[in-house]
Structure formats: C-alpha cells, structure tokens
There are 2 protein chains.
Amino acid sequence: MRTHYCGELNKDNINQTVEICGWVNRRRDHGSVIFLDMRDKRGIAQVVINPDNADFSLAETIRNEFVLKITGTVIARGEGLTNPKLSTGEIEIKAQNIEILNTSKPIPFQIDATDTSEEVRLRYRYLDLRGDAMQNRLRLRSQVTRYMREFMDEHDFLDIETPFLTKATPEGARDYLVPSRAHPGEFFTLPQSPQLFKQLLMMSGFERYYQIVKCFRDEDLRADRQPEFTQFDVETSFMSENEIMTMMEKMTRGLFKSVINVDLDDNFPTITYVDAMEKYGLDHPDMRISMQIVSMDKLMQDVDFKVFSGPANDDDSRVAALKVPGGASISRKNIDKYTKYVSIYGAKGLAYIKLNEDGPTSPILKFLSDEMTAKVIEMTGAKTGDIIFFGADKTKIVNEALGNLREQLAKDLDLFDKQWAPIWMVDFPMFGAGDDGSLNAIHHPFTAPSVDTKILEQTATTALSRAYDLVINGSEVGGGSIRIHQVKMQKMVLKLLGISDQEAQDKFGFLLDALEYGCPPHGGMAFGLDRLVMIMTGANSIRDVIAFPKTQTAACLLTNAPGSVPRKLLRELSIQVSLAEKD
Amino acid sequence: MRTHYCGELNKDNINQTVEICGWVNRRRDHGSVIFLDMRDKRGIAQVVINPDNADFSLAETIRNEFVLKITGTVIARGEGLTNPKLSTGEIEIKAQNIEILNTSKPIPFQIDATDTSEEVRLRYRYLDLRGDAMQNRLRLRSQVTRYMREFMDEHDFLDIETPFLTKATPEGARDYLVPSRAHPGEFFTLPQSPQLFKQLLMMSGFERYYQIVKCFRDEDLRADRQPEFTQFDVETSFMSENEIMTMMEKMTRGLFKSVINVDLDDNFPTITYVDAMEKYGLDHPDMRISMQIVSMDKLMQDVDFKVFSGPANDDDSRVAALKVPGGASISRKNIDKYTKYVSIYGAKGLAYIKLNEDGPTSPILKFLSDEMTAKVIEMTGAKTGDIIFFGADKTKIVNEALGNLREQLAKDLDLFDKQWAPIWMVDFPMFGAGDDGSLNAIHHPFTAPSVDTKILEQTATTALSRAYDLVINGSEVGGGSIRIHQVKMQKMVLKLLGISDQEAQDKFGFLLDALEYGCPPHGGMAFGLDRLVMIMTGANSIRDVIAFPKTQTAACLLTNAPGSVPRKLLRELSIQVSLAEKD
C-alpha cells in the first residue's frame, strides 16, 4: 500500500512520486494551505495540501490520528522552513491524492504528552503505545530478546518450551490456579518458573536449554512487580558455577554493548553475601554508590550510652555508621524525613553527627566522649561538610535501614560515582531461620549447598549455597545456582526445610524419582526480563516496558480483566464462587 | 568439566588425552575388559577399561545410564573392530580415570526402544527424551523457531508479548479460567490466541508484530490437540492479503529449505473453498493425492434409483463419485471396513462399481442402465482394475465421507503423487448457518468480508471473507485474514452473528472503542507450531514434538497434574469445589 515510510524520506527523494500510509500526528491550517505531519513507525514527514488540490475539501475534514494514504511528490522545503530536528525536515510531500483509510474521534490525551496519568494511559493503551517513548522501549525489548537468543543459539543452547498448565512447586509466592474440567475438583498451577522442568530437561540429556517465558506469581503487588512476568531462563549440565557465571556475564556484556552501546566492566566484581550485608546492608547493593556502612560494634561496646552499647554487645544486633559526603547541609526537616524513612524498616530513630565548619554537632554528642567522637570520625573518614548517620538495633533492622538509606541518599544528593555497576553476589547462606528456629530456603529447595550431606546436617544454619545473583545498579536482574543432582542430598534438604517424606513425595515425587535415573550435575540461571529492560531503557516502572501490563491491583484497565463468569461455565469446571467463606 | 563431546571424537584426536562427560548408553563385559558406550548430546563414543586400570573394580559397579566423567587417551580401534555406523567408530578411549558423577537405578525401558508404550514414555519422560528420536525432534523444533525469528527480524517485525491473564474472547473453544484473589469472584481467562491484542498492537502503531506464544483451549481432546499449544503469530498494517500471503509463503519455503532441505513449490497453488469442497470434500485437502471427487448430480437426476436421484434433485444434497486407481483389488472385507469408516461422517452406505477384467461388477448395477454406467466410467476416467465409490446424501455428509475416504485410501494404497503439497485455501464463506438459520463465524468475528456493510447485510449467507489458510499435505498449518478495521463493519458482523449490543460491549467494548481512534487497515496470520513441526519431523503425534505434553485426558503423567488443592488456598480465591452441582 506504500512505496516509502514517512520517516525515511529525505533530499534523495526529491521529485519522486511517493505513496505513504500512516497517522495524522498533527494537522495545521496555515491560511489557505493545510499541513499534515504524517506519522508511521519509522518517523514523521510533512505533507502540504494546496487549495487547488481536488481533495482539499476532504482534507479539511481530517483530524489528528486519522489514518491516511497519501500520494504526492517530494519537494524541497522553502528556505527558512526546514526543520533540523526532523530527519525528514528538509523535504515535504506535496499531496496529489488523499485517501482516508479511517477516521478518529478526538483523542483523550496528546500522543507523547508526558503529564498523562497512568490510569488514562493504561485505559487507552493503544494510544499511549503510539508515542515515541513506548515505541522505543518495546523496540528495545525486542532487540534484547533477539540478542539473547542469538547468543544462546551460538552457544548451542536449545530453545525448549515447558508447560504452563502444571503442578504447584514451592517458589515462595502464591500460585495462580486453573480448574480442570476433565478432572473435576482438581487444578493446574501456572508456573512461578520453569525450575523443575528445566532440571528435568537436564535429566533428559539436553545439556543446554534456554527459554524466554512467562511466569506467574499471585503476589501482593509492589510497585515493580506484575502477576505475569517474563523470565530468560537457562540451564546447563556439566558446567561449574564459574563457567556458568562467565558465560552469562559475557552474554550480559554483549547485550549492553549491542543494544544500548554501553561498555560494562570487563570482569564483574564478586561480592560475598556477608560482605554485602556488612558494608551495604542489602544483598543486592547498588555499587554505583561508593558510600559504605562501617561497623562500630567493637568501638561502642563500652560506651555509657545504652542505645549503642546494648546492640554492640548483642550477637544478633549491630551498631553501624554511614558517612554521607556533603550531608551536613541536610536540613533538620529532611533528617526527620529520613528518620521516618528508616522507620519503615523498623528503626526506632536515626542518630547522626554533622561535621560543620565549627566542629561536630549532634544531639548524641553528650553521650559520647570527645575521643569516641574523634574515633567515629576517623573510622568513617568523615570530613567537614559531611554527616554520619547511625543505626543501632537488631542486625536485620540496621542493615535494612542503613542499606536502603544509603541508596535513597544517593538518589537525593546525586552520590553516584558511575553509571553502570554490575556485580555478582555469591556465598549466600543455604537457609534462613524463622523466629521459631525453622529453616527456609534462601534461594529454592533445589539449590545445592557447598558441603556434603553429613556436614550440611550438622551445620545447616551456617552452610553456604552454590547460588549466585547478578545485580546491576542495585537491582537483582538475574539469579541462579548449581542444583542438587543427587537424591540423598535433595531428601536431606527437604527434610531440613521441615517437609515430610509424604509431602515431598506428593509434591516432587517425580523429581525425586528422576534424580535416581542418572541425573547429571547441572545448574543454571534466570533473568527477570522486565526488570532488565527497565534498567536498560531507564524506565521508572516495569509497566513501562510491557505492552499490556496489569495495575498494582492486578487488573487490566484496557480490557477490564478479570471479570465475572456465567455460573454455567463454573459448573462445568465443578467450582462455585464462595464470597462468604473468604477469610 | 569436559574437553570434548563424545560424539565429536575421531581419528584426529588419536593420542590426545581427553575428558568426557555423559551417560553409559551400554556397558559390555568382554572377558576381562569392560566396554562402555558413553553418550552425550553430540553422540556416542566407546570407552575401554582394562583390568590393570586402578578404577577397574569401580568400573565393575557401573550400569546403564550412570553419569560418568572419564579421562582417557584416544586410540585407534584394532583392525576389524571399527564401526562404520558410528562417526566415532574408528577410535576408542582408553580410560585412565573414571569418576561416577551419579548412579542410576535399572531403567524401565531401553532408551530408543521403539515398542515402549506411550503411557510409560510419558511417565518417564526424562528417559524417553534421552533417545535420538526425541532429541532430534526437539532440536529441529528449536531450529524452526530460530528460522522464523530470524526471518521476522529481517523483515522488521517486533517480537511483542501479549498477556496470558486476560479476558474471554470468542475463539470457539472453551476457555481455561484463572480465579483472581485480588478481585474476589472474578476470573482471568487464558488466551485461545492473542487475536485481539495483536489487533490492538496494530492500533498502537507497531505495524509489524510477531510472537511465538502459548495458547490454551479447554477442548474435548482429539488425537492431535493439546490443551496448551504454541502459535507463531503475525500481524501487519497497511498490507493486502496477497502481500501477507506472499511474505508468509516466502517464510515457509525458506523454513523448509533451511531446516529439512526440502524445496517447496515456487508458487503455492491457490484453491477456493468452493472448488476444494467439490473436488476434495474438505477445506484442507491433501494435494499430494491427485484423486478427485466427481459430481454426478446432473447425470443422476432422472435415474430410476431413488438413492441417487433423490440427492441429485435436492439443493442441499449431492451425488458424487471417487475413482480409485487399482482399487478393484480391494476385498469385500475391506469395502465393509470403508463403509464403516464413512459411516463416521453420517454416510448410510458406500456404493461402488469395480472394473474387473470382465467388465463392471457392483450390487448397484441393476439400478443403472448400461449407458448410465458407461457415462459414470467415462466421467471418472476409470479403467480396468479401478474402483469407483459413490456418495449420495446431504452435501455435508457426502463431502466429509468422500473427502476423508480419499485420504484414507491414499494412505492404505499409497496413492501419493508427491511428497510435499502446500496450498493456499481462499474465498471462504464469511458465515456458516446453523440448522435454525443462525449465523456463525467461519474464521472468527474479526475477519473482514470482501464486501461492504450494505451488501454484507443483504448477502450474509453467501458473502466471502478475506481469510486464507495455508494447508500442507492435508494439514491446516496456518490461517489468517484481513481484519475488520472499521467500527461500523465490526458492529454489523457482531449483529449478524446474533451478538447483542450489550454483549458486544461487555465482551469487546475495548476493541470497539479502539476501532474509533484511527485503526489502520491490518491483517495477519497464525501458524500452529506443533502441527508444523510434526509435519516437518514426520512424527505421528504432536505429543512427539512437545517436551512435556498432556495426555488425551489433559493430564501430565510425569507430574500428575492436575491435582487437588488445599481448601485454604481455594478460600483465598473465594471459590470452592462443587462436584455435586456438576451437570
């Protein structure tokens, strides 16, 4: 229907007769001449319609977002009328024929307007997606998956599809259920990840598998989560964690170079879990920020200030300081704001020392000797103009409070020292412990520990796993591990997690069986594609890198899904709605 | 962990020390020497373990499907001991070190055995998948999607993901439902295809979209259907049906050449629906078979044989003949079998005339004059040694009976004239009519008719659609159409389908709205990937081209999905099982 795309016309086309199709991005009447900015997926070109054109009166009916086919001649724009901002800015198309392929009602917001509420954008997603921002993000997303696939193809991985209608596995979040009609009263589960199937593919001798696949979690939605999300999923046999990490790092580096022309570090730094918690308070630290948390436990053990000495003398607690360069200028009001911010994580206050021109000032100076204050300044390396914040509480609270405060302050005060900071996080604990002493899996129950069954049983709470996470700019974009490949170890781990033999058999009997028939050593990784693309595009929300996302209440404003269903359909599925019984 | 793959070793590696990993495909004790056939994803190599090896007693414990790492030296096989069937047949590996990475219980069936029941294969899918047949099919499947993606990338299509948790759309089969926890009493639907979303992407200005995506249909399962299946899905704007068909044909031709080295016809023949029904009885005829159905209506209008003259004089009925070359040798018993076969389609009998050396014989000869019999022979072109079968009944019954009989006979008597026969089916009717005169969509309600709204309203039952199907060897591997892009036409079609304004608004309000905001002319196509790969691999079932398929009762024998779910989880979803209420 077209000879050219609008966005590709230039001086070389002058005097050519062209046919273009697209949308009216903007229509302007200049006295007796009508100008149309015609938009297609490659860009915008200006069309001019003179009053002597037979279709002039038709053109007068044209409004924004009408769909047109225009036949015309490319001509040079008059002097002073060129538009250097447009690739097509040196030419325009003198229309001969105009065909209205479709009309449009007045649109509820300007395409590419930046102040449209997200609710309206999602309601009229088909208009929102016409704008440059969303077009570019989804084009980049397509380039990202293309690069990944080409890399995996080159490295001899097979793209193998795993089932969507499957059985519950314990990834930690709630499952979405799908009632079965053929098996009344029974349910399928939508996968939270293809974890068990990709392991089964290793047991099936494929050795190298990948897939870019939708996964599902019925979570209480946070700002950056979606009920359905996309995973770039990889599994290999006969490779060590270092070999897997090296290959995935190469993929990541190539991806950033190829798609957004960013050179990531040649060797991503490796940080241990213990180190990250001590220095950055989080297991996914943003390493664009050089600020570190400094432990003050030893220093504070004997101070006459219970707020500090208490935690300093408790094994489960911690006293730590965070020096913020230039932070002395933070106002009292903003310190109150940060105090409120750390309270989200359970901190009961936010002590600080400001280093002004005339020396340190702080409400807590009175509790510390001058010598002690000097030591704190020395240990944190604080200088005049800085501020030192303190955390003193249970270790978990201090880490979360100061770890998140560190990243919030970096944003507020622009304390980023580099643009891109990819790291590998390693040496995670195998288990976390609940308040009742029960163990839970830090990654998932199929992650291999770095010790054998005997030692694991004796040292469960301190044992490390063979897991690794890829963190870029403070976001966990991928994670993986070497998996358990021996049935004895798998049963031991399930037992340590408090899963009875019967429950294990019911839920993972097929996996336990399969482990007994020559399961190779294997491991892999999964990337959160939405998160990764969000980081690469600089979008503020994963909803901005998904064509048709759900809202934070897991609804689709465009289609109004979910919706009610005729009772007859539910009867066929042997279920009924039971609102009263809800907890 | 390895220096080489087993399957890649050859004479060039002689004297090299190699490390290989893999499975024991077969273990043989030859007197005091142990031979292991080691298998990995690239193939098989023979390992020899001599009695002087320090690991010899360990090797004695090795059984089939153990997972080993072997370090050894590649040596030439002795004279007369080479195996020309194996790429590695000229060498063997003299083992130095043997490491058992995992053991295996005795396996329930031999890998690559051809007589294993499908039930056992699916139960132990991870063993079944280790065999060459499944490895090759899934490798080919991965190559197919890779080719498709590369083709679409080259043609500037974007890979865009559409939602899985969405709203019911009317594709004809039952939907799978997903209860929403956030919206008690409401349900998502798993998509039967991304149809509406890909149309919305055209309205969003993307112009060229593709996706390889899982779709879901809760159908009564037939031999070649799966509750979840994979679709290669394409949509474009501003392209005519011919342009789309040309592009998709080029893709298909390139795919067959690239992946299985088959040259498909340069121009796929185009057959109209009316023509196909008349000559082949089916709208997806297998054109590897040159046999055609010949209409006898005019000839039989005045015969004194009500079985023929009745249908010949009825507009909704048909008399037709199918000549089968060499069919005179079909036994009485087999004719009974075919009579039973056509009864599946409602045929009440299967009249025939055999042309033996001594002339025509048939139970119906007595009802036909010699002249009439001669005319039948002339019209069908039958020769001595052939058989002519007749169908005389409602047109639908005759077409289905003779159309399917034609293909069954071709299989039984090997009457295929070529290996590959791709065709385009075009000029489908827009609507089918139910017994009560109500209309239903032959494709789906978003397919554009080839006439305008006014004419459509007047000629609904005879109007043609702008749909096209790609049929290869009698299988519909793909189908598509130009879509309705104007709201007036869409409302007209929904009205003709008996969908009330209210129902239309409830179900597709978002689509009707979107059509009013500058929807471009658009169309597309979808390929059934499973079916296509099945044809390309020559597999007998789509279950043989899917890693983890469901059975015909929509269950997974490996994981035992679906399964029961704790009542607590159902309560959180505001549903309960209600077996008693089932119809």
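The sequence lines fix the lettering, A, B, ..., with proteins before strands; numbering per chain opens at 1. All values below were derived from every heavy atom in this structure, side-chain atoms included, with hydrogens, water molecules and symmetry-related copies excluded.
If you measure heavy-atom distances from A514(B) to chain A, the contacts under 4.5 Å come from both the backbone and the side chain. Proximity to chain B involves both the backbone and the side chain of C519(A), based on heavy atoms less than 4.5 angstrom apart. Of the two parts of L200(A), the backbone and the side chain both hold a non-hydrogen atom closer than 4.5 Å to a non-hydrogen atom of chain B. The contact between L529(B) and chain A is made entirely by side chain atoms (from C-beta outward), counting heavy-atom distances below 4.5 Å. Proximity to chain A (any heavy atom under 4.5 Å) is shown, for D40(B), by both the backbone and the side chain. Looking at P521(B), the atoms closer than 4.5 Å to chain A (heavy atoms on both sides) all sit in the side chain, from C-beta outward. When heavy atoms are compared at a cutoff of 4.5 Å, P549(B) does not approach chain A at all. For E243(B), the part sitting under 4.5 Å from any heavy atom of chain A is the side chain, from C-beta outward, and nothing else. Proximity to chain A is absent for every atom of Y210(B), based on heavy atoms less than 4.5 angstrom apart. Within the 4.5 angstrom heavy-atom criterion, only side-chain atoms of S180(A), from C-beta onward, approach chain B. For L190(A), the part lying near chain B is the side chain, with the backbone staying farther off; criterion is any non-hydrogen pair under 4.5 Å. Both the backbone and the side chain of H485(B) come within less than 4.5 Å of a heavy atom of chain A. Using a 4.5 Å cut-off between heavy atoms, K214(A) contacts chain B through its side chain alone, with no backbone atom that close.
The greatest number of non-hydrogen atom pairs below 4.5 Å with chain A, out of L569(B), L558(B), V487(B), N560(B), is found for L558(B). Between chain B and the options R125(A), M202(A), R139(A), the largest number of non-hydrogen pairs under 4.5 Å is found for R139(A). Interface summary for chain A: among I160(B), T166(B), T103(B), D128(B), the most heavy-atom pairs under 4.5 angstrom belong to T103(B). The choice from T145(A), I111(A), L570(A) that makes the most heavy-atom pairs within less than 4.5 Å of chain B is L570(A). Among L201(B), V24(B), L511(B), I212(B), the residue with the largest count of heavy-atom pairs under 4.5 Å with chain A is L201(B). For the options E65(B), M203(B), R208(B), heavy-atom pairs under 4.5 Å to chain A are most numerous at M203(B). Annotation: maximal heavy-atom pairing with chain A below 4.5 Å, among A561(B), G518(B), S237(B), occurs at G518(B). Taking chain A as the reference chain and counting heavy-atom pairs below 4.5 Å, the highest number among F164(B), F216(B), F66(B), F197(B) is found for F164(B).
To the nearest 0.5 angstrom, D218(B) atom CG is 6.5 Å from L573(A) atom CG. The OG1 atom of T162(A) sits 12.0 Å away from the CD1 atom of I546(B) when rounded to the nearest 0.5 Å. Atom CZ of F238(A) sits about 10.0 Å away from atom CD1 of I20(B), to the nearest 0.5 Å. Atom NE2 of H183(A) sits about 13.0 Å away from atom OG of S564(B), to the nearest 0.5 Å. Within the model, atoms SG of C556(A) and CZ of F510(B) stand 7.5 Å from one another, a figure rounded to the nearest 0.5 Å. Taking CG of L127(A) as the reference point, atom OG of S204(B) lies at 8.0 Å (rounded to 0.5 Å).
Between E516(A) and K105(B) there is a salt bridge, since a side-chain N of the basic residue sits under 4.0 Å from a carboxylate O of the acidic one. At a threshold of 4.0 Å, the pair R42(A)-D156(B) counts as salt-bridged, since one of the basic side-chain nitrogens sits closer than that to a carboxylate oxygen. Salt-bridge formation is detected for the pair D513(A)/R123(B): a Lys NZ or Arg NE/NH1/NH2 atom is positioned less than 4.0 Å from an Asp or Glu carboxylate oxygen. A salt bridge links E207(B) to R2(A): one of the charged nitrogens lies within less than 4.0 Å of a carboxylate oxygen. Ion pairing of D153(B) with R149(A) is absent here, as no side-chain N (NZ or NE/NH1/NH2) approaches a carboxylate O to less than 4.0 Å. The pair D159(B)-R141(A) does not meet the salt-bridge criterion, since no charged nitrogen lies less than 4.0 angstrom from a carboxylate oxygen.
The shortest distance between side-chain heavy atoms of M239(A) and M1(B) does not fall below 4.5 Å. Looking at heavy atoms from C-beta onward, P163(B) lies in side-chain contact with K550(A) at the 4.5 angstrom threshold. For the pair L158(A) and Q143(B), the minimum side-chain heavy-atom distance is 4.5 Å or more. In this structure, the side chains of P562(A) and P179(B) stay at 4.5 Å or more apart for every pair of heavy atoms. T189(B) places none of its side-chain heavy atoms less than 4.5 Å from the side chain of V565(A).
Taking every heavy atom of both residues into account, A554(B) and F188(A) meet most closely at O-CZ, 3.2 Å. What you find for E228(B) and L165(A) is that their closest heavy atoms are OE2-N, 2.9 Å. For the residue pair G205(B) and K41(A), the shortest heavy atom distance occurs at O-CB, 3.8 Å.
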Inset, instruction - Show the numbers, then the answer: is there a side-chain contact (heavy atoms from CB on, under 4.5 Å) between R174(A) and E572(B)? - result: CA-CA 10 Å; R174(A) 280 191 194 81; E572(B) 288 179 0; 2.9 Å; yes
Legend entry - Trace of the side-chain contact (heavy atoms from CB on, under 4.5 Å) decision for I575(B) with L177(A): CA-CA 11 Å; I575(B) 59 170; L177(A) 298 181; 5.8 Å; no
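Taking the six-membered ring for Trp and thresholds of 30 and 60 degrees, Y517(B) and Y126(A) have ring planes inclined between 30 and 60 degrees apart.
Between the side chains of E161(A) and T230(B), at least one donor-acceptor pair of N or O atoms lies under 3.5 Å.
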